[in-house]
Amino acid sequence: MANSPIIPQSKYVTPVAVGFADGQGALSIVGSDVPLPVSTVRNAPTPAPMSGSSSTSIIAGPYAPITDTPIHLQLSGTWTGSVALQRSIDGGVTRQGLTVGGAPWAQFTANANEAVWQEGEAAATFYLAITIASGTLTYRVSQ
């Protein structure tokens with residue numbers, strides 16, 4: 001008992017601990033400094049990416065993400081104009097630009113490659129409002 005990290009409350013209680021095999025295969029006791037390693041399991045398949053190219057102004061979408069997983073946006077090409085990620089909860093009848101703290105969010109005028117949103121509502125769909133002044137934009141929305 002002297003080498004055990006578990007201190008029983010009395011002499012007749014058997015100490016119990018949770019552990020796992022670490023990267024070297026040795027027992028690692030779970031504690032505040034050694035958390036139990038876990039991974040998230042998705043209950044839904046990842047949706048197919050929404051991707052394409054445009055040299056004209058369009059509304060691309062809808063993209064129906066799974067909840068609680070970041071949405072990733074990639075913009076590339078030689079283009080001028082703007083792209084805004086928009087959210088809808090009525091199938092695209094109305095679309096709203098994203099904001100954070102009341103300020104516009106997920107609006108771009110240059111190439112980008114980043115996570116832009118994480119949705120919690122299953123009915124939400126997303127659209128790209130693409131305004132092209134010149135050139136060709138290639139876009140991809142994925143999870």
Side-chain angles (χ1 to χ4, degrees), residues 1-9 13-143:
M1 286 289 198
N3 294 331
S4 174
I6 301 170
I7 301 171
Q9 298 300 315
V13 175
T14 303
V16 176
V18 175
F20 62 94
D22 65 13
Q24 289 75 37
L27 174 64
S28 190
I29 304 249
V30 174
S32 59
D33 58 332
V34 182
L36 185 63
V38 296
S39 61
T40 302
V41 176
R42 292 184 179 164
N43 292 328
T46 302
M50 176 180 75
S51 60
S53 294
S54 185
S55 55
T56 61
S57 298
I58 62 167
I59 301 293
Y63 180 74
I66 57 174
T67 58
D68 302 324
T69 300
I71 298 170
H72 194 90
L73 174 65
Q74 184 176 359
L75 304 173
S76 61
T78 303
W79 60 283
T80 58
S82 64
V83 176
L85 186 64
Q86 298 177 333
R87 180 181 184 268
S88 176
I89 55 169
D90 60 9
V93 175
T94 56
R95 298 181 314 274
Q96 301 289 325
L98 300 178
T99 60
V100 172
W105 182 259
Q107 296 183 7
F108 302 89
T109 57
N111 291 339
N113 187 13
E114 60 188 79
V116 290
W117 196 254
Q118 185 164 321
E119 186 54 50
E121 189 171 346
T125 53
F126 290 82
Y127 299 79
L128 287 179
I130 300 171
T131 305
I132 299 291
S134 67
T136 300
L137 167 72
T138 300
Y139 60 88
R140 185 175 194 269
V141 179
S142 63
Q143 288 187 294

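Remember, it's a predicted structure, so these values are computed and weren't measured experimentally. Along the sequence shown, the residues carry numbers beginning at 1.
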Which atom pairs, donor and acceptor, lie under 3.5 Å between side-chain atoms of residues 130-140 and protein residues at least two apart or in another chain?
residue	atom	partner	partner atom	Å
Ser134	OG	Thr80	OG1	2.7
Thr138	OG1	Ser53	OG	3.0
Arg140	NH1	Ser142	OG	3.1

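A distance of 11.5 Å separates CZ in Arg95 from CG in Leu85, rounded to the nearest 0.5 Å. Atom-to-atom distance recorded for Gln118:CD and Thr69:OG1 is 6.5 Å, nearest 0.5 angstrom. Rounding to the nearest 0.5 Å places OH of Tyr63 at 4.0 Å from CD of Gln143.
For the pair Leu75 and Ala110, the tightest heavy-atom approach, listed with the atom from each and the gap, is CD1-O, 4.0 Å. Here the closest non-hydrogen pair linking Asn111 and Gly77 is ND2-O, 3.1 Å. Shown here for Pro65 and Ala124, the closest heavy-atom pair between the two residues is CD-O, 3.6 Å. Here the closest non-hydrogen pair linking Trp79 and Phe108 is CH2-O, 4.1 Å. Closest non-hydrogen pair, Ile71 versus Phe126, comes out as CD1-CE1, 3.7 Å. The two residues Gly120 and Asp68 make their nearest non-hydrogen contact at CA-OD1, 4.0 Å.
No donor-acceptor pair under 3.5 Å is formed between the side chain of Thr125 and the backbone N or O of Ala64.
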Check the pair Val116, Leu98 against side-chain contact (heavy atoms from CB on, under 4.5 Å), reporting the backbone distance first and the verdict last.
CA-CA 9 Å; Val116 290; Leu98 300 178; 5.7 Å; no
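A search for side chain to side chain donor-acceptor pair (under 3.5 Å) contacts involving Asn113 returns His72, not counting sequence neighbours.
Atom CD1 of Ile59 has more than 12 neighbouring heavy atoms from other residues, nucleotides or ligands inside a 6.0 Å radius.
Counting heavy atoms from C-beta on, the side chains of Val93 and Ser88 never come closer than 4.5 Å.
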